[in-house]
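The chains referred to below are lettered A, B, ... by the order of the sequence lines, with proteins before strands, and numbering in each begins at 1.
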Number of protein chains: 2
Amino acid sequence: MVKELDEKTEALPDHVGWRLWQASRAWQVEFAAAMRVAGHDWFTEARAGLLGHIGRSGMRQSALIERSAISKQAIQQLLDGLEAEGIVERLPDPQDGRGKLVRYTRKGLDALRDGDRVKMEIERGYIGRIGEERFTALMSALRALAAGQAAAMDEDAGAEGEVVESK
Amino acid sequence: MVKELDEKTEALPDHVGWRLWQASRAWQVEFAAAMRVAGHDWFTEARAGLLGHIGRSGMRQSALIERSAISKQAIQQLLDGLEAEGIVERLPDPQDGRGKLVRYTRKGLDALRDGDRVKMEIERGYIGRIGEERFTALMSALRALAAGQAAAMDEDAGAEGEVVESK
DNA sequence: GCTTGTCGTCAAGTACCTTGACTATAGGGA
DNA sequence: TCCCTATAGTCAAGGTACTTGACGACAAGC
């Protein structure tokens, strides 16, 4: 790790965590800005993350909860906002009186389309900046990491100081 | 927990932004958990990010602001918390009556040392999971991306009113 | 002196997420 | 049938991590 520092400029952080955070933040900022340009100024990071899970055909709110890593209350608050903006609508599930179906409105579908376009544009920009080879390597490493982390979590039940979700 | 995969399971997001966010989140969770295990339960993600900028010799609060990507008020609030926890202390700058110097306390330095250790441990874990070659490629790509983004920012030097979108 | 710019603080508000407590419905026994 | 429990979703309160705006204290230039 780079640790050379002179008096004036101490080294910026350069560990994986920092780099990942920085890159993630930059992506989100770029995405949100582009979406605002496209006229979707209701757009925020968390909403983007949630919408990414909703398929075009809609889905059960409970399925959305399973799929996202956050609490059902958080999901609900996000959906409340999205519903108020007219991006999604909630319909009663005919199969289950308790459940609700979350579905894109027409406006939501438009946003989804623009979102996909913007994502591809950003990706193209990245490839232009660092080259296709490096980009491919990046994605490959990130996917491998995600897979490895999921595996580590499964196996982790009962190792060391279990600070995690066992509250 | 049995996760049944229907034929209806829609694909999880797989674009760069999602992967970066996911990886960043996982790192932060892992780091925070390890720090709590080490006895530093005052630790949070934002604080970690801020402390990463403070060199062992301390620095001006204003320099910290320049270096971080967040507002000075946010920095101040984080520092308020860290000071209350006894991690850093703020001293008047003898060179400038307006300025203050932020410096680690002994407790803070202990935490810093543990933090560095934990970071290395996580890094080793990553290398173990995805291999050294991939890890190196990941870091290389992330660094290149950061450099490219800085350059792009200088280039569009955008006024806030004029939102730019390339291509 | 006065003005302008920097440094830090105070106040208020927003986005996102949490836990706790609750209602309504579903589905399986007894 | 009535009860029991699990699931789906909601309501309320709170906390962290930010934001913008306003402001006072000091520095440095005339």
Among the nucleotides C:dG8, D:dA17, D:dT19, whichever has the atom closest to the side chain of B:Ser62 is C:dG8

A:Arg60 CZ to D:dA8 C1', in whole Å, measures 7 Å

**Asked** Do the side chains of A:Leu20 and B:Trp21 get nearer than 4.5 Å, heavy atoms only?
**Response** no

In this structure, CG of A:Leu64 is separated from NZ of A:Lys100 (nearest 0.5 Å) by 14.0 Å

To the nearest angstrom, the CG-P distance between B:Leu64 and C:dT6 comes to 18 Å

- Report which part of the nucleic acid B:Asp93 touches: base, sugar-phosphate, or nothing (heavy-atom distance under 4.0 Å, all strands). nothing

> Do B:Gln73 and D:dG21 have a side chain to base donor-acceptor pair shorter than 3.5 Å?
Replying inline: yes

Atom CG of A:Asp41 and atom C1' of C:dA15 are separated, to the nearest Å, by 16 Å

query: Do B:Val16 and A:Lys119 come close enough that some side-chain heavy atom pair is under 4.5 Å?
result: no

* Asked: Where the side chain of A:Arg19 meets the backbone of B:Arg143, is there a donor-acceptor pair that is under 3.5 Å apart?
  -> no

Sorted by chain and residue number, the ring pair (Phe, Tyr, Trp, His ring centres under 6.0 Å) partners of B:Phe31 (sequence neighbours excluded) come out as B:Trp27, B:Phe43

Result for 5'-nearest mapping on DNA chain C, choosing between B:Glu66 and A:Arg98, is B:Glu66

So, with a heavy-atom separation below 4.0 Å from DNA chain C, the residues of residues 75-90 of chain A are A:Gln77, A:Leu78

Between A:Leu101 and A:Trp21, whichever has its closest DNA chain D nucleotide further toward 5' is A:Leu101

Whole-Å distance, A:Arg36 CZ to C:dA15 P, equals 12 Å

If you define the side chain from C-beta out and look only at heavy atoms, does anything of B:Val88 sit under 4.5 Å from B:Thr105? no

Check whether any side-chain nitrogen or oxygen of B:Ser71 sits under 4.0 Å from OP1 or OP2 of D:dC18, and answer yes or no.
no

Margin query: At 4.0 Å (heavy atoms only), tell me whether B:Ala46 reaches a base, stays on the sugar-phosphate, or touches nothing.
Written below: sugar-phosphate

Practice task
Please evaluate the base of C:dG8 for a donor-acceptor partner in the side chain of B:Lys100 within a cut-off of under 3.5 Å?
Solution key: no

Closest of D:dA22, C:dC16, D:dT19 to the B:Ile70 side chain is D:dT19

Answer with yes or no after comparing the ring centroid distance for A:His53 and B:Trp18 against a 6.0 Å cut-off, counting only values under it.
yes

Closest to the side chain of A:Thr44, out of C:dA15, D:dG9, C:dG8, is C:dA15

